[in-house]
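Take a look at the structure set out below.
Computation of the quantities below employed the complete heavy-atom set of this structure, encompassing side-chain atoms and omitting hydrogens, waters and symmetry-equivalent molecules.
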Amino acid sequence: MQLTVDTESLPLSTPFRISGRVFNAVDTLVATVTEDDYRGRGEAQGVYHLGETTSHMREQLVALAAEVSRGLTREALQRVLPAGGARNALDCALWDLEAKKTGRRAWDLAGLRPRPLLTACTVSLAATAGEMAEQAAQLHAWPIIKLKLDADDPVGRVAAAHARRPDAQLLVDANQAWTLEQLRDVVPHLRALGVRLIEQPLPRGQDVALADYHCPVPLCADESCLDSSELAWTAARYQMVNIKLDKAGGLTEALQMARKARDLGLNIMVGNMGGSSLSMAPSFVVGLLADVIDLDGPVDLARDRAHGLRYKQGVIAPPSATLWG
């Protein structure tokens with residue numbers, strides 16, 4: 001096998017804002033593994049809140065080129081690289097290569113059956129509640145909307161979006177921006193507005209207090225749960241976990257994480273760090289085990305990759321074999 005590693009910046013159609021950060025493009029790393037006439041690809045963005053960059057991820061993978069040439073397996077990869085974007089890209093490339101060589105789809109290899117998935121579409125954090133409501137209104141074909149929030153008037157922003165889209169299921173993501181006191185204050189209002197879940201309300205490391213707080217709206221861990229090793233801790237404080245392949249370090253770990261989460265009584269969300277359909281396609285496989293799907297990354301891009309995922313009224317069709325897996 002031969003490994004090649006490329007990096008690319010994919011422009012967004014409009015700036016994407018979350019609490020404390022603005023994205024104008026998605027920086028990606030693509031690992032390609034070739035063997036005879038077969039080629040497998042995997043794309044990763046890395047975990048920005050852990051300081052991962054495409055240049056560092058590229059260095060990690062280039063250092064493994066010799067081991068890949070000697071036939072590095074997915075199982076061995078879990079031992080030689082830590083969880084993160086570099087391992088994700090190579091792991092997904094190896095899944096894609098195996099699918100191409102065997103003539104089987106990745107979900108078959110994982111023991112799953114494909115079906116269309118209904119995904120949320122995310123409204124970026126805006127300066128005013130009115131601007132966020134307008135973004136929600138423009139998503140008239142999407143039945144599930146996720147609102148990015150910070151500590152500034154979260155109830156007013158959700159109320160404005162709900163007024164424009166009373167038919168939509170609403171999810172909210174605070175990206176670690178709240179305190180426990182603010183969470184307690186806003187939850188009754190968010191529940192009255194029909195919010196289905198609250199993602200990562202408190203900063204990682206400050207959510208210990210959630211073990212003694214019984215929230216009437218399900219709480220979903222994102223930054224607070226990176227991989228399987230943190231699931232037991234998460235299950236004592238949250239009702240759901242957001243599994244992202246960049247955090248988990250690839251599809252192999254993400255599938256194990258999903259099954260372990262279910263055993264611990266956690267519901268499952270599958271999310272993304274942005275990126276093209278090449279990133280979403282392996283996450284689609286995890287989505288077959290998930291309760292909530294958040295795989296709208298390509299929707300925000302100025303241009304997706306060839307043979308990209310097809311979205312219609314929030315429904316994602318299974319990816320083509322030409323794209324991945």
What do the steps show when you test Thr28 against Gln45 for side-chain hydrogen bond (donor to acceptor under 3.5 Å, both in side chains), and what is the final call?
CA-CA 5 Å; Thr28 67; Gln45 287 66 53; 5.1 Å; no

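- Using a 4.5 Å cut-off on side-chain heavy atoms (C-beta onward), Leu197 and Gln169 make no contact.
- Test Gln256, Lys260, Glu253 against Ser228 for side chain to side chain donor-acceptor pair (under 3.5 Å) and you get one pass: Glu253.
- A cation-pi arrangement is present between Arg74 and Trp95 under the rule of less than 6.0 angstrom and at most 45 degrees off the ring axis.
- Salt bridge present: Asp222 and Lys244 bring a charged side-chain N and a carboxylate O closer than 4.0 Å.
- The shortest distance between side-chain heavy atoms of Trp178 and Pro203 does not fall below 4.5 Å.
- Checked for salt-bridge contact, Arg104 and Glu98 miss the test: no charged N lies under 4.0 Å from a carboxylate O.
- A salt bridge is absent between Lys101 and Asp36; no separation between the charged side-chain nitrogens and carboxylate oxygens falls under 4.0 Å.
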Dump the intermediate steps for side-chain contact (heavy atoms from CB on, under 4.5 Å) on Leu64 and Leu77, then the final yes or no.
CA-CA 10 Å; Leu64 280 183; Leu77 175 61; 4.1 Å; yes

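- Between Arg237 and Asp207 there is no salt bridge, since none of the side-chain N atoms of the basic residue sits less than 4.0 Å from a carboxylate O of the acidic one.
- Under the 4.5 Å side-chain criterion, counting only non-hydrogen atoms from C-beta, Leu171 is in contact with Ile144.
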Go through the steps for Asn24 and Leu12 under the test side-chain contact (heavy atoms from CB on, under 4.5 Å), then give the verdict.
CA-CA 6 Å; Asn24 293 294; Leu12 297 174; 5.7 Å; no

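- A salt bridge links Lys100 with Asp96; the closest basic N to acidic carboxylate O contact falls under 4.0 Å.
- Between Arg157 and Asp152 there is a salt bridge, with a side-chain nitrogen of the basic residue lying less than 4.0 Å from a carboxylate oxygen of the acidic one.
- Inter-residue side-chain proximity for Ser13 and Leu301 is flagged as unmet; no heavy-atom pair is nearer than 4.5 Å.
- The existence of a salt bridge linking Arg204 and Glu230 is confirmed by a sub-4.0 Å separation between a basic side-chain nitrogen and an acidic carboxylate oxygen.
- Comment: Lys247 does not engage Asp227 in a salt bridge, judged by the lack of any side-chain N to carboxylate O separation of less than 4.0 angstrom.
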Working for side-chain hydrogen bond (donor to acceptor under 3.5 Å, both in side chains), residues Asn272 and Ser283
CA-CA 8 Å; Asn272 69 96; Ser283 297; over 6 Å; no

Report the C-alpha separation of Gln135 and Ser124 in whole Å, then their side-chain angles, then the decisive distance to 0.1 Å, and conclude whether the side-chain hydrogen bond (donor to acceptor under 3.5 Å, both in side chains) test is met.
CA-CA 8 Å; Gln135 289 184 57; Ser124 170; 4.9 Å; no

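- Ring planes of Tyr48 and Phe23: perpendicular class, angle over 60° (limits at 30 and 60°).
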